[in-house]
There are 2 protein chains.
Amino acid sequence: MSVTLKDVAQAARVSVSTASRALTGTGLTSERTQQRLTRIARELGYRPNPIARGLKTGQSRLVALLVHNLTNASFQVMAEVVQARLKALNYQMLLCIGGDDAQQESDTLTTLVDHRIDGLIVVPTGKNGAQLKTLAKDVPIVCLVRRDDATDLETVLADDPQGAYLGTRHLIELGHKRIGLIVGRQDTTSGRERLSGYVRALREAGIAKDDTLIHAGHFVPETGASCCRKLLDLPRPPSAIFVANHEATLGALRVIAERNIAIPDDLSLLCYEDMPWFEWHRPAISIVDNGARDLANLAVDRLLHRMDAKGNGNDGVREYRVGARLVQRDSCRRIDAASKPKSPKSKSSAAKPAKV
Amino acid sequence: MSVTLKDVAQAARVSVSTASRALTGTGLTSERTQQRLTRIARELGYRPNPIARGLKTGQSRLVALLVHNLTNASFQVMAEVVQARLKALNYQMLLCIGGDDAQQESDTLTTLVDHRIDGLIVVPTGKNGAQLKTLAKDVPIVCLVRRDDATDLETVLADDPQGAYLGTRHLIELGHKRIGLIVGRQDTTSGRERLSGYVRALREAGIAKDDTLIHAGHFVPETGASCCRKLLDLPRPPSAIFVANHEATLGALRVIAERNIAIPDDLSLLCYEDMPWFEWHRPAISIVDNGARDLANLAVDRLLHRMDAKGNGNDGVREYRVGARLVQRDSCRRIDAASKPKSPKSKSSAAKPAKV
DNA sequence: GCCAGTTCTGCAATCGTTTGCATCAATGTT
DNA sequence: AACATTGATGCAAACGATTGCAGAACTGGC
């Protein structure tokens, strides 16, 4: 069917081994035959069969990225980054969707090693630590976004404590004292870390932590909505809400719209993680960017390093943190009318239609 | 490193060939040895090496899905559907991102056949027809969402003419006579087809086509915004806008919000293709659902059929159309106060906050 | 012109499977 | 009891590459 090394060798009247050596450039062939063979190979349209090669070398030029889903915008950009990087190095990315489900993750993992992938970047569910640990002996693995505490795998994390801190501090600097927090489950790292960043910012500013302002849960939009309602129904509702979980954002926005609450005039809103439509929303929604792009790039860097280092890429570092970044748009407003009357960055919004 | 067939054979004191036959269940071994070998294989934790097997059989149990990007919500659900289906059949999905770029598509395609994929579902750019045609000789291929006119590949398409027709008719039935259309480039199939559906609905209803109401272009949100502005700035602006291109929706929504136009009171809005946040938007946005889920499922069906039929799965059918569906939410409103005063499905919105 | 040293090339084994063919034992037939 | 038939097994050759080892060809020094 397709042209094999044998065909090339025959056409060039040399042995297969010579052909192989010439084409892989081992430097063990004469300059002349090398050139002649590359030419002939090109003419014949020879493309090495990665399967055959893989059988012999134990490599596949396949690198897998295992994420929970593709609806999460962060995972999308990560996938695109990883794909682009790998492709440039002549690897194929195997994108797998694990659905944040232990069983599915486990199945996928075994299939992947069966296929002799050369490397793996995984967003672990945290429930297959033992398996990951075993696999790590055979394949370079880098964890992304989440840590699996049962392993000591190299892990690239977003700096959630810092991100939450940055966001909260921003709101405080705008004069907010009662800041609602809608955050993820406290049995996830990110849930805990984002809460801690929030708390730290409050403490530094000397603002007492008010537990009625903090809502944590396993988030889907519905939960985001109900948390948001609870916050707004408070006797003294917050002047700003920090939605530190992107799933919850949809629900919160909905409730805010339903109640005709004007952002940022009546309420400031800050979200964690970007979504492509946030900047097209009106008002454009300010966010804390978790740095998905940087995360993906760093993960690829680390993985490649491990893959090169053949078994011992252990630089001692176990954990990398990628800095978060505040992206100010129009959904947060300065409120302390008394002390600092200077107009905030965000525009006055709604009232007069901005002719464009 | 890992357990090979030889190990199993040795442990069972049979030859490798017997082991192979027993484990692949060719029926050429005695019941007893078959059971004994499966047991031993399980005990030893034997997992067949797909690479070695692939080398011999020419198969890889890899099926590729090549899409343009992952930001498009339709592609996301398609990817998830394809992955789920394939997985159930013990195939691994290779998800590739082609970026709607001819060169990248071409590169990816060659890498994929190099890896001896067993099948391919591709959203073609339309610029590598020749290549696709050649590859189709080696690998079963099904085109998805777009047709490549240079080939005669089996293609699963959304029924865009019907979808656009349905949407437009819906608006007409609600009493709208001036319906703005924001649609994709006319050199794409979907662009043309959606326009034609719109025109047909108009004609059927005896409404004259007004070219000032139709805007087509290569869409990014910015273009969507400018088209929307043009429509709203018309001396007699439309009472409804049909955004028949999902990229454009963001921009349109933005302009509408900027100008403080109330939906659906001042303007009805209908979009093509769903986005996860559409139903969380306030008002929830009515859409024409292109049936991404069904498309993906059908594409998988056809591909599997071809893969089974080994070379001749040609049933004569070249093109499959998956019906579109109207999903009424709250962004379209009945307007002919005179003839049919019955209140529309959509609620009155804005004015009084709906306590929830 | 011969020999040691260096390059280059080819033979053949190997990776882990599958599979055509031959062998062999067990069974049934006469 | 001899023979044909069936069913289970093993041997060995593939699949398409890589690679250790040995031999061939060339180089230069004497």
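Quick note on labels: first sequence line is chain A, next is B, and so on, each numbered from 1.
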Short side-chain donor-acceptor distance under 3.5 Å, [Y] and [X]:
X      : Y     : value
A/S20  : A/R53 : no
B/T26  : B/T24 : no
B/R116 : B/T57 : no
B/R61  : B/N90 : no

Respond yes when some side-chain nitrogen or oxygen of [X] is under 4.0 Å from OP1 or OP2 of [N], and no when none is.
X     : N      : value
B/T26 : C/dT19 : no
B/T33 : D/dT9  : yes
A/R53 : D/dT18 : yes
B/S17 : C/dT19 : no
B/T29 : D/dA8  : no
B/S30 : D/dG7  : no
B/S15 : D/dG10 : yes

Base, sugar-phosphate, or nothing for B/S20, non-hydrogen atoms under 4.0 angstrom?
base

Reckon A/P50 touches a base, only the sugar-phosphate, or nothing at all at heavy-atom distances under 4.0 Å?
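A/P50: no heavy atom of the nucleic acid under 4.0 Å.
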
In whole Å, what is the span from the [atom1] atom of [X] to the [atom2] atom of [N]?
X      : N      : atom1 : atom2 : value
A/Q59  : C/dC15 : CD    : P     : 17 Å
B/L55  : C/dT18 : CG    : C1'   : 10 Å
B/N49  : C/dT14 : CG    : P     : 18 Å
B/I51  : C/dT18 : CD1   : P     : 14 Å
B/R32  : D/dT9  : CZ    : P     : 8 Å
A/R116 : C/dT17 : CZ    : C1'   : 12 Å
B/L28  : D/dT6  : CG    : P     : 15 Å
B/K6   : C/dT18 : NZ    : C1'   : 16 Å

Whether [X] side chain and [Y] backbone form a donor-acceptor pair below 3.5 Å:
X      : Y      : result
A/E154 : A/R302 : no
A/R147 : A/T155 : no
A/Q92  : A/L62  : no

In degrees, rounded to 10°, what is the bend between the two ends of the helix from C/dG1-D/dC30 to C/dT30-D/dA1, using five pairs at each?
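For the helix from C/dG1-D/dC30 to C/dT30-D/dA1, the axes at opposite ends meet at about 60°.
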
Of the options C/dT18, C/dA13, C/dT9, whose atoms approach the side-chain atoms of A/K56 most closely?
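Closest of the options to the side chain of A/K56: C/dA13.
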
Between D/dG10, D/dG16, D/dT18, which nucleotide gets closest to the side-chain atoms of A/T57?
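From the listed options, D/dT18 comes nearest.
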
Find which nucleotide of DNA chain D each of A/R21 and B/T18 is nearest to by heavy atoms, and output the residue with the more 5' nucleotide.
B/T18

Would you say B/L153 and B/D148 make side-chain contact, with heavy atoms under 4.5 Å?
no

